[in-house]
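Written below as structure tokens is the structure these notes are about.
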Amino acid sequence: MKMPNPFLAPETEEEMIGMKEEAHALDSFIDRISAGQAPILMVQGVIGSGRSALLKHLRSVAERQGVSVAFIHVEKGEDLEGLAARIINEALAPHLVSKKRTADFSEALDMRHWGGDRGRFGNLLILDDIDSLKRCEESVKMMIVSMAASSHRVALVMSSTKSFRIKELPVLELAPITEAQARDFVSKALKDTHAKMGDECVSTIVADTGGNPRLFRDVCRLVYDSSKESDLVISKGDYLSYLPSIMSVLSMEWFGSLFQKTPKRERDILLAMAHGDEKGMHVSDISRKVGRPMGETTALMGRLHERGQVVRIDRGTYRIFAKLYARYVMRRG
């Protein structure tokens with residue numbers, strides 16, 4: 001009987017793919033909190049880049065070091081006042097008899113809500129998917145202003161797929177995984193099984209997934225599920241033979257939903273890119289291909305970039321975040 005699939009969702013730092021440097025950067029961030037500072041950080045990356053996994057790691061390490069942590073996942077379309085009230089009601093003071101419906105963000109920094117000396121080694125507020133917030137860039141600026149004016153020392157870490165043009169906001173950008181990181185991850189994942197994965201197979205999956213950590217893990221999980229128990233080495237040929245069934249599962253698990261939520265004008269751009277150069281296309285070429293004005297195409301491309309469906313590889317040049325998603329787009333088009 002085949003062993004449990006070793007490519008399941010990450011639970012520990014060791015199971016995150018290619019995140020050692022980022023994890024060390026967050027360790028230094030926690031040291032600053034423990035030293036009495038209130039730093040701010042934005043963790044930025046495309047869908048599937050490991051933002052949430054990294055924030056969960058941050059929460060775990062911070063709590064082990066005695067830092068008081070409030071972790072909130074921002075809901076789509078939520079405004080800043082509603083978010084501040086939810087931070088207080090759900091994370092800081094759930095014992096309140098009269099729940100707040102709205103609150104100024106400065107109230108979420110008040111030590112009375114943080115339980116006095118509960119955070120003897122510092123206080124940390126983590127907001128996952130801050131770009132779901134209504135008027136998110138304006139709201140983040142207001143949060144930074146509130147923190148600068150506050151006498152309470154609460155550090156703030158946020159995550160986003162959208163990039164922010166705020167010079168006071170330090171950013172930790174999550175890059176795609178490299179082949180070396182992928183091989184190391186696969187080797188560790190399979191060490192207690194009878195199977196191995198060939199280097200050519202790993203390289204092909206990295207190329208097809210664009211180095212996206214979540215997609216890479218998902219494909220490895222599906223390859224392992226499809227492999228026979230007698231297989232000692234999972235080859236590139238095995239992966240290619242399993243690819244039709246893998247695409248079906250990926251379509252159901254997240255490609256379908258991702259594409260369906262995309263407005264038609266943006267889908268047209270994705271389709272043009274999927275049929276274009278897989279290494280990337282300039283906005284001007286996309287504009288001609290879809291028959292839309294340059295300004296409109298640039299704006300639509302910006303929205304796709306904010307959603308993480310395309311990645312910028314050079315000024316004005318983009319590609320779809322993964323070949324497998326481009327393949328799905330062509331099928332749907």
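What you see below is based on every heavy atom in this structure, not just the backbone, and it leaves out hydrogens, waters and symmetry mates.
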Find out whether Leu41 and Leu26 are in side-chain contact, i.e. whether some heavy atom of one side chain is under 4.5 Å from a heavy atom of the other. yes
Closest approach of Gly210 to Pro176 (non-hydrogen atoms, all atoms of both residues): O-CB, 3.5 Å
Mark yes when over 12 heavy atoms from residues, nucleotides or ligands other than Lys289 sit less than 6.0 Å from its NZ; otherwise mark no. yes
Tightest non-hydrogen contact, residues Ser49 and Pro213, listed as O-CG, 3.6 Å
I want to check a possible cation-pi pair here: Lys162 against Phe164, using under 6.0 Å from ring centre and within 45° of the ring axis as the test. yes
Spatial distance of atom CZ (Arg303) from atom OG1 (Thr262) [nearest 0.5 Å]: 12.0 Å
Which class fits the ring pair Tyr325 and Phe321: parallel under 30°, tilted 30 to 60°, perpendicular over 60°? tilted
Are Met301 and Met294 connected in the hydrophobic side-chain network, where two residues link if heavy atoms are under 4.5 Å apart? yes
Taking the side chain as C-beta and beyond, is there a heavy-atom pair between Arg135 and Leu80 under 4.5 Å? no
Does a donor on one side chain sit under 3.5 Å from an acceptor on the other, for Ser60 and Arg64? yes
Distance-only polar pair, side chains of Asn212 and Thr209, donor-acceptor under 3.5 Å: no
Where does the angle between the aromatic ring planes of Tyr328 and Phe255 fall among parallel (under 30°), tilted (30 to 60°) and perpendicular (over 60°)? tilted
Nearest 0.5 Å, what's the CG-CG distance between Leu92 and Asp110? 9.5 Å
So does Val283 get a backbone contact from the side chain of Ser287, meaning a donor-acceptor N/O pair under 3.5 Å? no
Measure across Ala272 and Val290 and return the closest heavy-atom pair with its distance rounded to 0.1 Å. CB-CG1, 3.7 Å
Do any N or O atoms from the side chain of Glu266 and from the backbone of Pro263 form a donor-acceptor pair under 3.5 angstrom? no
In one Ile/Leu/Val/Met/Phe/Trp/Tyr side-chain cluster, 4.5 Å: Val171, Val140: yes
Any cation-pi pair here, Arg59 with Phe71, using under 6.0 Å and within 45°? yes
Can you give me the closest heavy-atom contact between Phe7 and Ala189, atom names plus distance? CE2-CB, 3.5 Å
Run Gln260 and Arg332 through side chain to side chain donor-acceptor pair (under 3.5 Å) and show every step you take. CA-CA 10 Å; Gln260 196 63 35; Arg332 286 293 299 265; 3.0 Å; yes
Please report the interatomic distance CZ(Arg86) to NE2(His73), rounded to the nearest 0.5 Å. 8.5 Å
Quick one: does NZ or CZ of Arg214 land under 6.0 Å from the six-membered ring centre of Trp254, within 45 degrees of the ring axis? yes
Check for me, please, whether Leu240 and Ile205 land in the same ILVMFWY cluster - side-chain distances under 4.5 Å, paths through other members count. yes
Measuring only between side-chain heavy atoms, which start at C-beta, is Ile144 closer than 4.5 Å to Ile166? yes
So does Glu278 pair up with Arg319, basic N to acidic O under 4.0 Å? no
Carboxylate-amine/guanidinium proximity below 4.0 Å for Arg221 and Asp218: yes
Heavy-atom distance under 4.5 Å between the side chains of Gln44 and Leu174, does that happen here? no
How long is the span from the CE atom in Met252 to the CE atom in Met247, to the nearest 0.5 Å? 11.5 Å
Atom pair NZ/CG of Lys134 and Leu83 - distance to nearest 0.5 Å: 12.5 Å
For Lys279, is there an ion pair with Asp277 - N to carboxylate O distance below 4.0 angstrom? no
Side-chain donor or acceptor of Thr161 paired with backbone N/O of Glu306 under 3.5 Å: yes
For Ile40 and Pro170 the tightest heavy-atom approach is O-CG, 3.4 Å
Donor-acceptor pair, distance only, cut-off 3.5 Å: does the side chain of Asp184 make one with the backbone of Ala180? no
Flag side-chain contact, heavy atom, 4.5 Å: Asp314 against His282: no
SB check Lys141 Glu168 (cutoff 4.0 Å): no
Among Arg112, His113, Lys100, side-chain hydrogen bond (donor to acceptor under 3.5 Å, both in side chains) partner for Glu107: Lys100
Should Ser159 and Leu127 count as side-chain neighbours, where that means a heavy-atom distance under 4.5 Å? no
Is the backbone N or O of Ile88 less than 3.5 Å from a side-chain atom of Lys99, with the two atoms forming a donor-acceptor pair by type? no
Please tell me if the side chains of Lys76 and Leu133 come closer than 4.5 Å, counting only heavy atoms from C-beta onward. no
Mind listing the closest non-hydrogen atom pair of Ala70 and Ala91 along with its distance? CB-CB, 3.7 Å
For the atom pair CZ (Phe105) and CE (Met147), what is the distance rounded to the nearest 0.5 Å? 6.5 Å
Could you check if a side-chain atom of Arg183 sits within less than 4.5 angstrom of a side-chain atom of Ser203, using non-hydrogen atoms only? yes
